[in-house]
Number of protein chains: 2
Amino acid sequence: MAYKPTDQELHSIRRATIFQGLTDAQLQIILQAARLVQVERHGFFFHQGEPASTFYVILQGNVRLAQLTPEGRQVIMHYFGPGSEIAVIVVLSKADYPVSAEAASDAAALGWDQQTVFSLMEQFPRLAINGLEMVAGRFWELQNRYRELATERVEQRVARAVVRLVQQGNGQNGRSTPPLLTLSRQDLAEMTGTTLFTVSRICSSWEQRGFVEAGREQLIIHQLDHIIAIADDLQPHAPTTAEP
Amino acid sequence: MAYKPTDQELHSIRRATIFQGLTDAQLQIILQAARLVQVERHGFFFHQGEPASTFYVILQGNVRLAQLTPEGRQVIMHYFGPGSEIAVIVVLSKADYPVSAEAASDAAALGWDQQTVFSLMEQFPRLAINGLEMVAGRFWELQNRYRELATERVEQRVARAVVRLVQQGNGQNGRSTPPLLTLSRQDLAEMTGTTLFTVSRICSSWEQRGFVEAGREQLIIHQLDHIIAIADDLQPHAPTTAEP
DNA sequence: CAGCGTCTTTGCGCTGGCGCAAAGAAGAGG
DNA sequence: CCTCTTCTTTGCGCCAGCGCAAAGACGCTG
């Protein structure tokens, strides 16, 4: 308990929607009640099906929220970075975690157990209000993604996923350096409901046109505006096979 | 205000998850605060983008919650019948309706505005608890549907949609008569992210094998167990084109 | 630096499902 | 009863994207 976050981490915490509108003093009290949880790459914060006991806010690293299909395929529901909240919804009810939370890189998070969350919410109603709004926001986003999956073609969905990741500030995102995402083609495929092959082809095509630079488990976005254009379908359709 | 529901309607209300665990007396008070809203076929309870002002519980008819894509395609997020709650999530925050609610048949519902909901929840905390659990439940279901859409093939998804509708008791579902759904192929297509043509072919195929009986804007399910088998992929894949 | 495991690329063939068009059915209304 | 509208079926052609296989590329470890 009572972990002292670094300045860098504090900055992440301040960005978290759940803590908006709280004074420094209030935030201090809340942080006192947290415990630090560290998970190394490929470790899990929790598994799908376990009773939801803890609410997390990420300090460092990326966390992949994924569901496993009965046939063993993975579907990534969310890909979160520092300052993101995990298990907001489920901790407010007495349900089980519907997904597994895997560290995509070495990760650290602050954790509050259900009991603590409830008592903090009583103490600081603003937390409860923020929580409800986050729930609505998450639901809204999932609905949009559902709609996209139902109606849009693969390239567009991949573009959307990339834009989302960049804009929510995943990966090193220095002011002057181009945004860099650290994830495998497989990850992107599982986020967009396609195969790693198709993602690979799309990335190659983008690279040939100079929009991105593709590397092993990373993607450097050089022309985000073009990717956004593809995401919004303002773009003539690109061939999946490379042109002569 | 103070609408007296019929016995039939009261039965629907009692089934609503949001009202579980309340005494008759408490329920009476809650019902007193409601107003009756009637909408005829193709009318709307509310439109996507309007500020979420009212929470509804359906008394009669079916209601289609749909999102419109920028290109004008519809995606049906939910298809609800009597006893279902609408806008649970959104009324707890101050967001806009993310979907439109259209009456698929002449429909009636009880409505409480946001203000009233909050004050009732204060009076009967059980309402708030039920509300939170419903939110978690809805989220859980949407996530599952998202996963299915990302991984399963069309026939399987259509089967799932049918099973879901039957089990949640949409459409006339007399004890001794086979379950009957009242929706168009187009509806089914928009619920499963496909086209009405493909749904039509699937229905024909099922009809030839005697699982269902297909009619204009209706579907009579004769062998639900077979449909369930398809939904759970325990079935050899069916050809979409009719066999010789 | 050689060997190994993991991740990525690319070619090739195939098919599930889309899209269109045209021709039925089934109600609704006059 | 006929007409009009809406919903459905079915044939046909086509293509986006899947699946596999084989060959790189990268990074780690001994």
Side-chain angles (χ1 to χ4, degrees), chain A residues 41-42 69 71-75 104-105 149-159 181-190 192-208 212-220 230 233 235-244, chain B residues 40-42 69 71-75 104-106 149-159 181-190 192-208 212-220 230 233 235-244:
Chain A
R41 191 170 140 95
H42 294 142
T69 73
E71 299 82 35
R73 267 184 74 178
Q74 272 213 352
V75 176
S105 56
L149 192 52
T151 59
E152 297 173 356
R153 42 181 64 203
V154 171
E155 191 190 20
Q156 204 174 340
R157 301 203 308 264
V158 174
L181 299 177
T182 316
L183 38 59
S184 65
R185 306 285 176 276
Q186 176 85 40
D187 284 337
L188 259 179
E190 287 172 356
T192 51
T194 180
T195 64
L196 82 162
F197 306 107
T198 301
V199 171
S200 174
R201 281 183 251 265
I202 290 172
C203 288
S204 299
S205 145
W206 289 352
E207 190 163 31
Q208 277 185 12
V212 304
E213 195 180 328
R216 185 196 175 90
E217 286 194 304
Q218 71 172 19
L219 203 61
I220 302 173
I230 295 173
D233 201 21
Q235 193 79 3
H237 289 165
T240 35
T241 59
E243 55 258 70
Chain B
E40 48 192 31
R41 190 169 141 96
H42 294 141
T69 73
E71 298 83 36
R73 267 184 74 178
Q74 272 214 353
V75 177
S105 56
D106 288 355
L149 192 52
T151 59
E152 297 174 356
R153 42 181 64 202
V154 171
E155 191 189 19
Q156 203 174 341
R157 301 202 308 265
V158 174
L181 300 176
T182 316
L183 38 60
S184 66
R185 306 284 175 278
Q186 176 86 40
D187 284 337
L188 260 178
E190 286 173 356
T192 51
T194 180
T195 64
L196 83 162
F197 307 107
T198 302
V199 170
S200 174
R201 282 183 250 267
I202 290 172
C203 287
S204 299
S205 144
W206 288 353
E207 190 164 30
Q208 277 184 10
V212 304
E213 196 181 327
R216 186 195 174 89
E217 287 195 303
Q218 71 172 19
L219 204 62
I220 303 172
I230 295 172
D233 201 21
Q235 195 80 2
H237 288 165
T240 35
T241 60
E243 55 258 71

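In what follows, chains are A, B, ... by sequence order, proteins preceding strands, each numbered from 1.
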| Sequence neighbours excluded, which residues qualify as side-chain contact (heavy atoms from CB on, under 4.5 Å) partners of B/Ala150? | A/Val75, A/Leu149
| query | Mapping A/Glu152 and B/Ser200 onto DNA chain D by nearest heavy atom, which one lands closer to the 5' end? | reply | B/Ser200
| field | Interatomic distance, B/Leu183 CG vs D/dC7 P [rounded to whole Å] | value | 13 Å
| How large an angle, rounded to 10°, do the end axes of the helix from C/dC1-D/dG30 to C/dG30-D/dC1 enclose when each is built from five base pairs? | 40°
| query | Rounded to the nearest Å, what distance is computed from the CG atom of residue B/Leu188 to the C1' atom of nucleotide D/dT9? | reply | 15 Å
| Qualifying residues under side-chain contact (heavy atoms from CB on, under 4.5 Å), relative to B/Ser105, sequence neighbours excluded | B/Asn62
| request: Calculate, to the nearest 0.5 Å, the distance between atoms CG and CG belonging to B/Leu183 and B/Leu219 respectively. | output: 7.5 Å
| task | Find the distance A/Leu196:CG to C/dT6:P and express it as a whole number of Å. | result | 15 Å
| message | D/dT10, OP1 or OP2 - any side-chain N/O from B/Ser204 closer than 4.0 Å? | response | yes
| field | Whole angstrom value for the distance that separates P of D/dT8 from CD of B/Gln186 | value | 8 Å
| Sequence neighbours excluded, which residues qualify as side-chain hydrogen bond (donor to acceptor under 3.5 Å, both in side chains) partners of A/Gln74? | none
| task | Grab the CD-P distance between A/Glu155 and D/dG17 for me, whole Å please. | result | 8 Å
| said: I'd like to check the side-chain hydrogen bond (donor to acceptor under 3.5 Å, both in side chains) partners of A/Gln186; sequence neighbours left out, ordered by chain and number. | reply: A/Glu190
Which atoms of nucleotides 18-26 of chain C (N or O only) lie under 3.5 Å from a protein N or O atom, and what are those distances?
| residue | atom | partner | partner atom | Å |
| --- | --- | --- | --- | --- |
| C/dC18 | OP1 | B/Thr194 | OG1 | 3.0 |
| C/dC18 | OP2 | B/Thr194 | OG1 | 2.7 |
| C/dC18 | OP2 | B/Thr198 | OG1 | 2.3 |
| C/dG19 | O6 | B/Arg201 | NH2 | 2.9 |
| C/dA26 | N3 | B/Arg216 | NH1 | 3.3 |

| Residues in side-chain hydrogen bond (donor to acceptor under 3.5 Å, both in side chains) with A/Ser204, at least two apart? | none
| note | With sequence neighbours left out, the residues meeting side-chain hydrogen bond (donor to acceptor under 3.5 Å, both in side chains) with B/Ser184 are B/Asp187
| task | Provide, to the nearest angstrom, the distance between the CG atom belonging to A/Leu219 and the C1' atom belonging to C/dC7. | result | 14 Å
| Spacing between B/Asp187 atom CG and D/dT8 atom C1', to the nearest angstrom | 13 Å
| Nearest of C/dG17, D/dT9, C/dT9 to any side-chain atom of B/Arg185? | D/dT9
| task | When you get a sec, tell me which of D/dT8, C/dC7, C/dT10 is the closest nucleotide to the side chain of B/Ser184? | result | D/dT8
| message | Closer than 3.5 angstrom, by distance alone: can the side chain of A/Arg185 be matched with the main-chain N or O of A/Val199 as a donor-acceptor pair? | response | no
| request: Just jot down the side-chain contact (heavy atoms from CB on, under 4.5 Å) partners of B/Glu40, sequence neighbours excluded, or say none. | output: B/Asp106
| said: Whole angstroms only, please: what is the CD-P distance between A/Gln218 and C/dT9? | reply: 11 Å
